[in-house]
Visitor: 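Quick one: this structure, given as C-alpha cells, is what I'll be asking you about.
Remember, predicted model here, so these are calculated numbers, not experimental data.
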Amino acid sequence: MITITLPDGSQREVAKGTSAMEIASSISEGLARNVLSASVNGVVVDANRPIETNATLKLHTWNDEDGKSTMWHSSAHLMAEALEAHYPGIKLAIGPPIENGFYYDVDFGEVEFSQADFAKVEKTMLELARQKNEYIRKEVSKQDALAYFTEKGDQYKLELIDGLNDGEITFYTQGNFTDLCRGPHIPNTGFIKAAKLLNVAGAYWRGDEKNKMLTRVYAITFPKQSELEDYLKLLEEAKKRDHRKLGKELGLFTFSQKVGSGLPLWLPKGADLRMRLVAFLTQAQKKMGYVQVITPHIGSKELYVTSGHWEKYGKDSFQPISTPQEGELYMLKPMNCPHHCEIFKSEPRSYRDLPIRMAEFGTVYRYEQTGELHGLTRVRGFTQDDAHIFCTADQVKHEVGKVIDLVLYIFKTLDFPDFLAQVSLRDPNNPSKYIGSDENWEKAERGIQEVANEKGLKTVVEYGEAAFYGPKLDFMVRDAIGRKWQLGTVQIDYNLPERFELEYTGADNAKHRPVMIHRAPFGSLERFVAILIEHCAGQFPLWLTPEQVRILPVSEKYNDYARKVATELNSYDIRALFDERNEKVGKKIRDAEVEKVTYMLIVGEEEQAGNTVSARKKGEGDLGKMSIESFAQKVDAEIKAMLAE
RNA sequence: GCCGUUGUAGCUCAGGGGUAGAGCACUUCCUUGGUAAGGAAGAGGUCAGGGGUUCAAUUCCCCUCAACGGCUCCA
C-alpha cells in the first residue's frame with residue numbers, strides 16, 4: 001500500500017500502482033469524468049499512470065491551467081492526426097500548448113495550406129475525437145525512435161530525438177497517429193468536443209531565421225461547444241478594443257504612406273490627449289523633484305561612439321546624416337541618455353547636488369523591421385517620458401522606490417490594475433558579460449528586489465534578462481488581444497557614467513562616479529496611449545478625454561444658448577463643444593454616445609428660460625436638470641476625485 | 001528581413017475581362033424636433049503603384065509598396 005496526500009491534506013491508502021484516475025473515481029464519478037491529468041509530487045503526468053510510491057496528488061481538470069495545457073497538448077496531436085489524414089507525407093515539427101490553445105509547426109512541402117482548408121481539418125478532428133481514442137504512452141529506445149521517424153521521413157523529429165538521451169524517450173499514440181512526446185496527455189480524445197483553427201503563420205524551425213520556415217497552425221479546443229462560442233465572442237469583443245481601430249474612429253492618430261511607415265501622425269484629439277498626459281506626468285514629476293531639460297533630435301555620431309550605442313546598434317539603426325559642406329556625421333537620436341550625460345557634465349557636480357533627476361519628453365527614432373511595425377505599439381519615431389537619475393550607489397534603492405511610487409500613482413490614476421513587474425537580473429552562469437563591480441551589482445540587484453517587494457509589486461524574476469550595464473525592472477501589460485508589451489522601465493546603469501567619465505565631488509573631497517538610473521513610467525507615449533485606448537475601450541477617464549461635454553440643442557433655435565453654455569463651461573476649464581447640426585436630438589445623442597463623449601447636455605426652450613441644462617451621462621442616461629454652475633462643479637469634483645493621490 | 005493573407009469612395013464593405021455599387025459620413029434643401037438613427041436631392045473613386053497578357057484589365061499574371069496575422073529582431 002502507498003499513501004496519497006490530496007491538496008486538502010487528507011490522506012488515502014491505496015494499492016501500489018493505482019492511477020490518479022482510479023483515485024478520482026473513488027472520490028466521485030463526476031470528478032473522474034473531468035480529470036485531464038494529474039500532478040504527482042508536483043510533476044504533471046497522465047491521469048492513468050500508475051503511482052508507485054507515497055505521493056502528493058493534485059487532479060487537473062479544465063478549470064486549472066495544467067488541465068488546460070494537457071488538453072491542448074493532446075489537441076495538438078489530434079490536429080496533427082487530422083492534418084496527416086488530409087495531407088499525407090507532411091513533416092511535423094513541434095506542437096506545444098500555449099496560453100490560449102496550441103499550435104503545430106508543419107512542413108507542408110509543396111502544398112499550400114490556408115484558411116480555406118480550416119473547416120475540413122476541424123471536421124476531421126471532431127470525427128477523430130468522437131472515436132474516444134486513448135492516448136497510449138510507450139517508452140522507446142533511442143534506436144527504435146530514430147528508426148520510426150527515419151521510416152516516416154520526418155527529419156524534424158529525428159533532430160529532436162538526436163538531442164534526447166536514451167531511456168527518456170516516449171511516444172504517444174492515439175488512433176493511427178504516433179508522435180514523439182514527453183506527455184502528459186488526456187485519457188482519450190473524447191474530451192475534445194469543439195475545435196477551431198485560428199490562423200496560420202510562418203515560423204522558423206527552432207526559431208532561427210537561418211532555418212527553413214515552417215507553417216505554424218494555431219488552433220484551440222474546448223470540452224464544450226458553448227465554450228468555444230464564448231471564446232470566439234471574446235475575440236470579437238477584443239477586436240473592437242483594438243487601438244488601431246479605435247484610434248481611427250475617435251480621430252486620435254493616423255498614418256500616411258507618404259510620411260512613412262511607423263511614423264504616427266497625431267490628430268487634434270489625439271494630440272490633446274497626449275499633451276494632457278504629458279502635463280499630468282510633468283506635474284507629478286515636479287513634485288518628486290525632477291528637473292526638465294530639452295535636447296535636439298539629432299546628435300553627433302561621436303556621441304554614440306562614446307556611449308557604445310554606435311558599436312552595438314549602429315548597423316541596425318537609421319544611418320547617419322551628414323552636413324553638406326563638412327561631411328560631419330549626425331545620428332537621429334535613438335535615445336536621450338547620452339545627451340543627458342553631457343548636461344550632467346556641463347558643470348562640476350557635488351554630492352550635495354545628487355540625486356539629479358533629469359527629465360525630458362524626448363522623441364527618438366529607431367529602425368524597426370517592416371514586419372515588426374504595429375499600430376502605435378511598435379513605431380519608428382516615438383516620444384519617451386524619459387528621465388535619468390544621477391545618484392550615488394547608496395541612493396539607488398531609495399530612488400528606485402520613488403520611481404515605483406510614481407508608476408503606481410500613474411497606474412492607479414488611470415485605473416490600470418493589471419500589470420506585472422519583471423525584475424531582470426544577471427545570468428549567474430555568465431558573469432563575464434556584465435560590466436561594473438560585483439559589489440555594485442549585488443547591491444543594485446538586492447535593492448531592486450527588496451524595494452519591489454516593499455512596494456507590494458506582483459513580480460517575476462528573470463535571470464539573464466538584465467542589460468549588460470545593470471539590472472532592470474520592467475512593467476508589463478497586455479493589449480486587447482492578450483499580447484504582452486513592456487510599458488514602464490527602470491534600469492540601473494554603471495556603464496554610461498563610466499564611458500562619459502561622469503563624476504562628482506564627494507564629502508571626502510575626492511572624485512566619485514555616480515550611478516545612473518534610466519526610467520520611463522509610460523515607456524513611450526505612443527505605446528502607452530495604445531494600451532490605454534485598449535484598456536478603456538476608447539472610453540477615457542473624464543480628466544483625460546478630449547471632449548468631456550457635448551451640448552445638444554433640441555433644435556437650431558437654441559444654438560445661441562448652446563454656444564453660451566459651451567463658453568461658460570470653457571471658462572470653468574471644461575472641454576465642451578456643441579452640436580449645431582440640423583438633426584433631431586435623438587440623432588445627436590446617438591452620435592455623441594457612439595463617439596464616447598462622457599456628458600451630453602440637452603438644451604431647449606425650458607433650459608434656455610431657466611438658464612439650466614439637462615445632463616445625460618454616457619451609458620447611464622438622463623441625470624435631470626441643473627444649473628450650468630452646478631454641472632460644472634459636478635464635473636470638477638469628479639475629476640478631482642480621480643486625480644487624488 | 002522571412003512566411004501567409006489583404007488592398008474598390010472619408011469609413012465599413014459588395015462586385016467582377018466590356019472602363020464601378022451599397023450603407024454610414026459629407027454638401028444643399030425640406031423639416032424645428034425633448035434623451036440612441038426624420039425626409040429628399042447632390043457631390044465624391046486613374047478600383048494601392050508599376051509592368052505584362054488581351055481588341056479591351058479595376059477584374060487574369062508578374063513586380064513594388066502598404067496594412068494585417070505570425071516568425072526572427074528589439075535601445
Visitor: Not counting sequence neighbours, which residues clear salt bridge (Lys or Arg N to Asp or Glu O under 4.0 Å) with A:K269? List them please.
Guide: A:E547
Visitor: Could you work out, with salt bridge (Lys or Arg N to Asp or Glu O under 4.0 Å) as the rule, every residue matching A:E368, not counting sequence neighbours?
Guide: A:R378
Visitor: Sequence neighbours left out, what pairs pass salt bridge (Lys or Arg N to Asp or Glu O under 4.0 Å) with at least one residue falling in residues 196-207 of chain A?
Guide: A:E159-A:R206
Visitor: The criterion is salt bridge (Lys or Arg N to Asp or Glu O under 4.0 Å); which residues satisfy it with A:K587, sequence neighbours excluded?
Guide: A:D591
Visitor: What pairs with A:V403 under side chain to side chain contact (heavy atoms under 4.5 Å, CB included), at least two apart in sequence or on another chain?
Guide: A:Y290, A:I389, A:V407, A:V490, A:R519
Visitor: Identify, with sequence neighbours excluded, every residue that meets side chain to side chain donor-acceptor pair (under 3.5 Å) alongside A:H73.
Guide: none
Visitor: Wobble G-U and Watson-Crick pairs count when both distances are under 3.5 Å; given that, what is the 5' to 3' dot-bracket string of RNA chain B, with | for pairing to other strands?
Guide: (((((((..((((....[..)))).(((((.......))))).....(((((..]....))))))))))))....
Visitor: Salt bridge (Lys or Arg N to Asp or Glu O under 4.0 Å) with A:E465: which residues, sequence neighbours excluded?
Guide: none
Visitor: For nucleotides 32-38 of chain B, just jot down a letter per nucleotide in 5' to 3' order: B, S or -, based on protein non-hydrogen atoms under 4.0 Å.
Guide: BBBBBBB
Visitor: Side-chain donor-acceptor pairs under 3.5 Å in residues 297-306 of chain A, sequence neighbours left out?
Guide:
from	atom 1	to	atom 2	distance (Å)
A:H297	ND1	A:Y365	OH	3.2
A:S300	OG	A:E302	N	3.0
A:Y304	OH	A:M335	O	3.2
A:T306	OG1	A:E302	O	3.0

Visitor: Assign a letter to each nucleotide of nucleotides 1-10 of chain B from its 5' end: B, base within under 4.0 Å of a protein heavy atom; S, sugar-phosphate only; -, no contact.
Guide: BBB-S-----
Visitor: What residues in residues 332-342 of chain A put a non-hydrogen atom under 4.0 Å from any atom of RNA chain B?
Guide: A:P334, A:M335
